[in-house]
Every structure is written in structure tokens, then in C-alpha cells.
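Structure record follows, encoded as C-alpha cells.
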Amino acid sequence: KAGVTQTPRYLIKTRGQQVTLSCSPISGHRSVSWYQQTPGQGLQFLFEYFSETQRNKGNFPGRFSGRQFSNSRSEMNVSTLELGDSALYLCASKQSGFVDTQYFGPGTRLTVL
Amino acid sequence: LAKTTQPISMDSYEGQEVNITCSHNNIATNDYITWYQQFPSQGPRFIIQGYKTKVTNEVASLFIPADRKSSTLSLPRVSLSDTAVYYCLVGAPYNTNAGKSTFGDGTTLTVKP
């Protein structure tokens with residue numbers, strides 16, 4: 001099976017812009033979660049989508065949003081970018097249950113100038 | 001929410017066996033223990049998962065004592081390419097009530113020639 005794929009792998013934006021990141025889960029996986037990873041904060045959970053519905057949400061401002069399509073692919077959007085949004089954004093998929101193993105994608109490295 | 005404690009860093013030499021221990025005193029009855037490996041600027045990679053006793057796969061072994069309050073990841077005959085951060089995860093990858101990631105700070109393993 002193909003793994004989790006994320007596009008683009010690298011992105012450079014300027015403050016105030018918005019960005020959309022894409023994630024394709026492993027075939028058959030219906031849950032997609034997003035994480036932000038920075039050197040100072042580690043892996044922080046953003047949100048999880050399951051069957052096109054947001055199932056769980058982390059403690060991030062409303063500038064961070066996401067959605068999931070009927071084929072389980074997911075997108076994450078960040079509006080009004082700030083310098084502090086520079087990070088590695090990771091997508092992870094799993095079959096469905098909360099205890100199922102998550103498999104991560106390679107990440108999208110976002111740099112905000 | 002099961003909090004995990006791991007050593008911040010460990011050093012080893014090529015060809016040695018490495019054991020990384022994770023403490024999780026308040027593990028819940030239905031929690032599984034999962035270990036991930038992460039290289040810089042890449043997503044965490046699933047290594048192994050277990051519930052009790054011993055689990056072995058082609059990459060590592062996981063030892064879990066009867067009380068399940070700790071677990072040990074064993075990497076046989078490490079090589080330079082095993083230099084990475086290793087995360088111990090107990091239960092779900094995030095707290096479904098608080099929306100917080102349950103990934104800790106991980107253990108940075110450095111393998112020397």
C-alpha cells in the first residue's frame with residue numbers, strides 16, 4: 001500500500017498570506033489528523049477529521065482550519081500567516097478507531113517570511 | 001491521560017544493542033504502547049506496538065512488564081542510520097477530551113561509529 005502523501009513538501013510564504021496544504025491518507029483509512037511540529041513546542045495536535053467531519057480539535061486559533069473530502073483526502077488551511085506559523089506540518093492517517101495506529105506522512109515544511 | 005517519561009538523549013556505538021525505557025505510571029487498562037522513530041524534517045515512522053509481555057518485529061522488540069507501568073524498546077545492533085528521535089506513545093496520539101497531543105519530547109538517540 002502507498003503511504004500517506006503530503007503536498008507540497010516545501011512552501012515559502014510571507015506574513016499575511018494564506019496557505020493550503022494537502023494530505024492523501026493510506027487507502028482504506030478514514031481518519032486524518034494534522035499536527036504542527038516546531039523545535040520549541042514539539043508535536044502539537046491541530047485537528048482530526050473522520051468521514052468528512054471534524055472529530056477532535058487542538059488548541060489552535062481559528063486561522064487554522066481543515067476539511068476532509070468524501071475520498072478521505074484532507075486539506076489544511078492557514079489564513080493570515082504569522083512568522084510563528086513556520087513549522088513542519090504533519091498529516092497522519094488511521095483506519096477509524098481512536099486506538100488504531102497512526103501512520104504519518106513526510107510533512108510539509110512551511111516557512112513564513 | 002497517560003503521561004510518559006523518557007530519557008532526553010542516549011548515545012551508543014554501531015553494532016550495540018540499545019534499550020530505551022519509557023515510564024507510564026498511570027497507563028489505562030485499554031491503552032496500547034506505541035513507539036515511533038523520527039528523522040529530522042520527516043514524519044514519525046511507526047516502529048512497534050504492544051499491550052503486554054513482548055512483541056518483536058523485523059526492526060525492534062518491545063518489552064512490557066506485567067504491571068505495564070513502563071516499557072522498553074530494544075534496537076538490536078544499531079547502525080549510524082538509527083540516529084533519530086524515538087517517541088513512546090501510550091493510548092491515543094492525542095487526548096480526545098483536551099485536544100492535546102500526547103507525544104512527549106522523545107529520546108534523541110545518537111549512534112557513533
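Letters A, B, ... mirror the listed sequences (proteins, then strands); counts begin at 1.
For residues 37-44 of chain B, the interface with chain A (any heavy-atom pair closer than 4.5 Å) comprises B:Gln38, B:Ser41, B:Gln42, B:Gly43, B:Pro44, sorted by residue number.
Residues passing the side-chain hydrogen bond (donor to acceptor under 3.5 Å, both in side chains) test with B:Ser12 are B:Gln16, sequence neighbours excluded.
Listed by first and then second residue, the ring pair (Phe, Tyr, Trp, His ring centres under 6.0 Å) pairs that reach into residues 64-88 of chain B are B:Tyr87-B:Phe103, sequence neighbours excluded.
One hydrophobic cluster holds both B:Val55 and B:Ile20 under the rule that ILVMFWY side chains link at heavy-atom gaps under 4.5 Å. Two different hydrophobic clusters hold B:Tyr32 and B:Phe63 under the rule that ILVMFWY side chains link at heavy-atom gaps under 4.5 Å. Residues B:Leu73 and B:Tyr13 fall into different hydrophobic clusters, defined by Ile, Leu, Val, Met, Phe, Trp and Tyr side chains chained together at heavy-atom separations under 4.5 Å. If you chain together hydrophobic residues whose side chains sit under 4.5 Å apart, A:Phe50 and A:Tyr35 never meet in one group.
B:Tyr36 contributes a side-chain N or O that, together with a main-chain N or O of A:Gln102, makes up a donor-acceptor pair within less than 3.5 Å.
Contact annotation for A:Gln6: neither backbone nor side-chain heavy atoms come within less than 4.5 Å of a heavy atom of chain B.
In the hydrophobic clustering, where aliphatic and aromatic side chains (Ile, Leu, Val, Met, Phe, Trp, Tyr) are joined below 4.5 Å either directly or transitively, A:Leu113 groups with A:Ile12.
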